[in-house]
Each structure stands twice: as C-alpha cells, then as structure tokens.
Trainee: 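One structure coming up, written as structure tokens, with questions to follow.
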Amino acid sequence: YNTGAANTTVTRALQGTGANAAALAWAEAPSYDYGVVAVGNGISQYFTLINNGGVPATGLTLFGISGHFTYYSSGVYPGTYGTCGTSLNPGQCCTVHVNYAPLTSSPHSTNMDMSYNDGATGQNVQMTLMGQGANLAFITISDNPIYAYGTQATGSTSAHAFTINNIGTVSATSMTG
C-alpha cells in the first residue's frame, strides 16, 4: 500500500487446517416403516442423525413432520426425549423422537427433511416415514342379539356352533371364552 510518501508492504503469517464439510445422515435411512397401527393409537420411534463430516453442521431445521406424524409428546422439535438442537459437531449424533398416530385407515407417508449448513453451503438429508392406519379389531358373534336354546330338560345338553368374525383390520388378541 502507499503511505502517501512511499510504497510499503505488511505481511502476516497465516495458517489453518482444511476439514471435510459436515455430512449428516439418518442412521435408519433411507426409510422407516411403523407398520400397521390402529386408528386412534400411536407408536413412537427415535431417529438418529449422525455428522460424518469434519466440521459442525449448523442451522439444523427439520421439515415434514405433520398430520399423522408428530413430534412425540411435546409436539415440538425434537420431540420429548429427543436430543437434536440447531447444530451437531463432527463425529456426534443426536435423536429426533417422532410419533405415528394414524387418523384414518389407509397408508400414510411423509419425507422427514433435515436442512443444515455444512460449513460452506446449505444441504438437506431426507428419510421417508411410512405407516398403515387400520381399523381397530371389532368382534362379531353370529346369532345376535340372542340365541335361544329353547326349553331343555335338566341334565341334558344341546350344542350350537357360533361364528366369530373380526370385521376390523387389526388382529384381535388375548381372546378367551
């Protein structure tokens, strides 16, 4: 630079270490299936996010959790007992706690998208969540509402076969009778 009287140079030693950009990945990727869940019920799952890069991932923001898929219990990111925040250091992991509670008897899916800054630019890591809503088990017994055996002599027996049907779409369990 010119001081006004003469050209002058100022030098300064520089040093630094290059590192790979942050690289986030879902441990359960590319998809997770909650399976068949009865309408009105719910099941929760932890999803693990890992930073495989060499610098912190910053600005973590999760999209796609809505409708049948919600953050467990609290309703807000990262869900009750979830550990993710807004940044994730290299070699570290955190969890997001997501609940699937189907509102209708049909298949459901959503893309869980985590956007973040990898140290140089914006990135996104995605995982598909799936589940099948089903109607609760509903047992019917033939010959409703009353089956009449008629008049029987004391000590005699009379047999009749009843038909039991499950007209719901979820298996009925723990049946006794």
Side-chain angles (χ1 to χ4, degrees), residues 1 8-138 166 168-174:
Y1 70 93
T8 304
T9 303
V10 176
T11 61
R12 183 73 63 216
L14 301 175
Q15 70 178 33
T17 303
N20 291 330
L24 298 185
W26 292 109
E28 300 80 7
S31 63
Y32 180 81
D33 190 347
Y34 283 89
V36 177
V37 178
V39 171
N41 291 323
I43 187 169
S44 69
Q45 176 67 34
Y46 288 97
F47 298 100
T48 302
L49 189 64
I50 305 164
N51 184 351
N52 293 313
V55 299
T58 59
L60 275 66
T61 306
L62 190 63
F63 298 98
I65 303 300
S66 63
H68 306 278
F69 301 91
T70 59
Y71 296 112
Y72 179 74
S73 187
S74 68
V76 297
Y77 171 82
T80 302
Y81 311 117
T83 61
C84 288
T86 58
S87 64
L88 188 59
N89 288 327
Q92 299 295 305
C93 62
C94 66
T95 58
V96 177
H97 199 182
V98 179
N99 192 57
Y100 171 59
L103 304 171
T104 59
S105 178
S106 59
H108 307 107
S109 67
T110 192
N111 288 324
M112 186 167 65
D113 295 306
M114 180 66 79
S115 66
Y116 66 99
N117 186 292
D118 70 0
T121 188
Q123 299 292 333
N124 183 59
V125 60
Q126 183 179 87
M127 185 168 62
T128 301
L129 304 180
M130 301 169 288
Q132 171 70 47
N135 292 323
L136 295 172
F138 187 81
N166 177 4
T169 53
V170 173
S171 297
T173 61
S174 302

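Values in this document were obtained by computation on a predicted structure and should not be read as measured data.
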Trainee: With sequence neighbours excluded, tell me which residues meet ring pair (Phe, Tyr, Trp, His ring centres under 6.0 Å) with His97.
Mentor: Tyr46, Tyr72
Trainee: Could you go through residues 48-58 and list every donor-acceptor pair under 3.5 Å that involves a side-chain atom there, pairing it with any protein atom two or more places apart or in another chain?
Mentor:
unit_1 : atom_1 : unit_2 : atom_2 : d
Asn51  : OD1    : Ala23  : N      : 3.3
Asn51  : OD1    : Gly53  : N      : 2.8
Asn51  : ND2    : Val55  : O      : 3.1
Asn51  : ND2    : Leu88  : O      : 2.9

Trainee: Is the side chain of Asn89 donor-acceptor paired with the backbone N or O of Gln92 at a distance under 3.5 Å, no angle test?
Mentor: no
Trainee: Would you please name every residue forming a side-chain contact (heavy atoms from CB on, under 4.5 Å) with Ala137, sequence neighbours left out?
Mentor: Asn166, Ala172
Trainee: How many angstroms lie between CD in Glu28 and CE in Met112, if you round to the nearest 0.5 Å?
Mentor: 7.0 Å
Trainee: Determine, step by step, whether Tyr71 and Thr80 satisfy the side chain to side chain contact (heavy atoms under 4.5 Å, CB included) criterion, reporting the C-alpha distance in whole Å, the side-chain angles of both residues, the deciding distance to 0.1 Å, and the verdict.
Mentor: CA-CA 7 Å; Tyr71 296 112; Thr80 302; over 6 Å; no
Trainee: For Tyr32 and Gln45, test the side chains for any donor-to-acceptor distance below 3.5 angstrom and give the result as yes or no.
Mentor: yes
Trainee: Would you kindly say whether His108 and Tyr34 are connected by a side-chain donor-acceptor distance under 3.5 Å?
Mentor: no
Trainee: Decide whether Ser171 and Thr173 meet the rule of one side-chain donor and one side-chain acceptor closer than 3.5 Å.
Mentor: no
Trainee: Which pairs pass ring-ring contact (aromatic ring centres under 6.0 Å, His included) with one or both residues in residues 115-137, sequence neighbours excluded?
Mentor: none
Trainee: Among residues two or more places apart or on two chains, list those pairs meeting side chain to side chain donor-acceptor pair (under 3.5 Å) that have a residue in residues 9-22.
Mentor: none
Trainee: Does a donor on one side chain and an acceptor on the other come within less than 3.5 Å for Asn111 and Thr128?
Mentor: yes
Trainee: Test of understanding: with side-chain contact (heavy atoms from CB on, under 4.5 Å), list the residues that count as partners of Thr110, not counting sequence neighbours.
Mentor: Phe69, Leu129
Trainee: With no hydrogens and no angle check, is any side-chain donor or acceptor of Thr104 less than 3.5 Å from a backbone partner on Pro102?
Mentor: no
